[in-house]
Amino acid sequence: MIRTVTEVGRMTGGALSDCIFCQIATSSTSTTLLHSDDKVVAFRDINPSAFRHYLVIPKQHIPTVKNLQRSSDDFSLVSHMLDVGKSLLHRDAPQSKHYRFGFHQPPFNSVDHLHLHCFALPYTPSWRFMKYLSLGPLGGFIEVEKLLERINPQIIYPSSM
């Protein structure tokens, strides 16, 4: 979904300059980018939880997964984020047998800027997997495939009668 600067400011309380991920997306930090295009940037997590742990963020400020809509624009954005993450991990950790991709959901997200965690496993140390568990209706971590299913405009759910 395309959001105007006014809408984005309204979603964030106008604090875009305070968002560290917005600063990274606009190259206002010394963070080394692994990927950059017109929609997203990718970089290493500063506190990695796995053999490889990257973050893919939209350049546009979207606070959390709760701000995504069932729309072709949001579906396309998240799909693109996943494609970038997969490409980076396959390039940098081709020997890994297991990859994992997903998002923290409020109130468990650490930064209010949408970010896809991309892992080449194993977790390091192994107990770090606990940060990335789904907590069902309480939130926690959501696998990217589940989120894509939730926001896919092509999936029609029958109405309850």
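In this chain, residues are counted from 1 in sequence order. Please read these numbers as outputs of a predicted model, since none were measured by experiment.
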Next on the checklist: Using the side chain to side chain contact (heavy atoms under 4.5 Å, CB included) criterion, which residues pair with Thr31? Sequence neighbours excluded.
Outcome noted: Ile24, Thr29, Phe43
Checklist outcome for this item: Those residues at least two apart in sequence (or on a different chain) that pass side chain to side chain contact (heavy atoms under 4.5 Å, CB included) with Gln95 are Phe51, Ala93
Next on the checklist: If we ignore hydrogens and angles and just use 3.5 Å, is the side chain of Arg52 paired with the main-chain N or O of Phe119 as donor and acceptor?
Outcome noted: no
Item to check | Residue among Phe101, Tyr123, Phe129, Tyr132 satisfying ring-ring contact (aromatic ring centres under 6.0 Å, His included) with His117 | outcome: Tyr132
Checklist entry - Taking only residues two or more places apart in sequence, or in another chain, which ones meet Pro94 in a side chain to side chain contact (heavy atoms under 4.5 Å, CB included)? => result none
Checklist entry - side chain to side chain donor-acceptor pair (under 3.5 Å): which pairs involve residues 135-146, sequence neighbours left out? => result Arg100-Glu143
Checklist entry - Heavy atoms, side chains only, cut-off 4.5 Å: are Ser27 and Val41 in contact? => result no
Item to check | Any Asp38 side-chain heavy atom under 4.5 Å of Lys59 side chain | outcome: no
Checklist entry - Would you say the side chain of Arg128 lies within less than 4.5 Å of the side chain of Asn47, judging by non-hydrogen atoms? => result yes
Checklist entry - Does the side chain of Val40 reach to within under 4.5 Å of the side chain of Leu116, using non-hydrogen atoms? => result no
Checklist entry - side-chain hydrogen bond (donor to acceptor under 3.5 Å, both in side chains) with Asp37: which residues, sequence neighbours excluded? => result His35, His80
Checklist entry - Who passes side chain to side chain contact (heavy atoms under 4.5 Å, CB included) against Pro48, sequence neighbours left out? => result His53
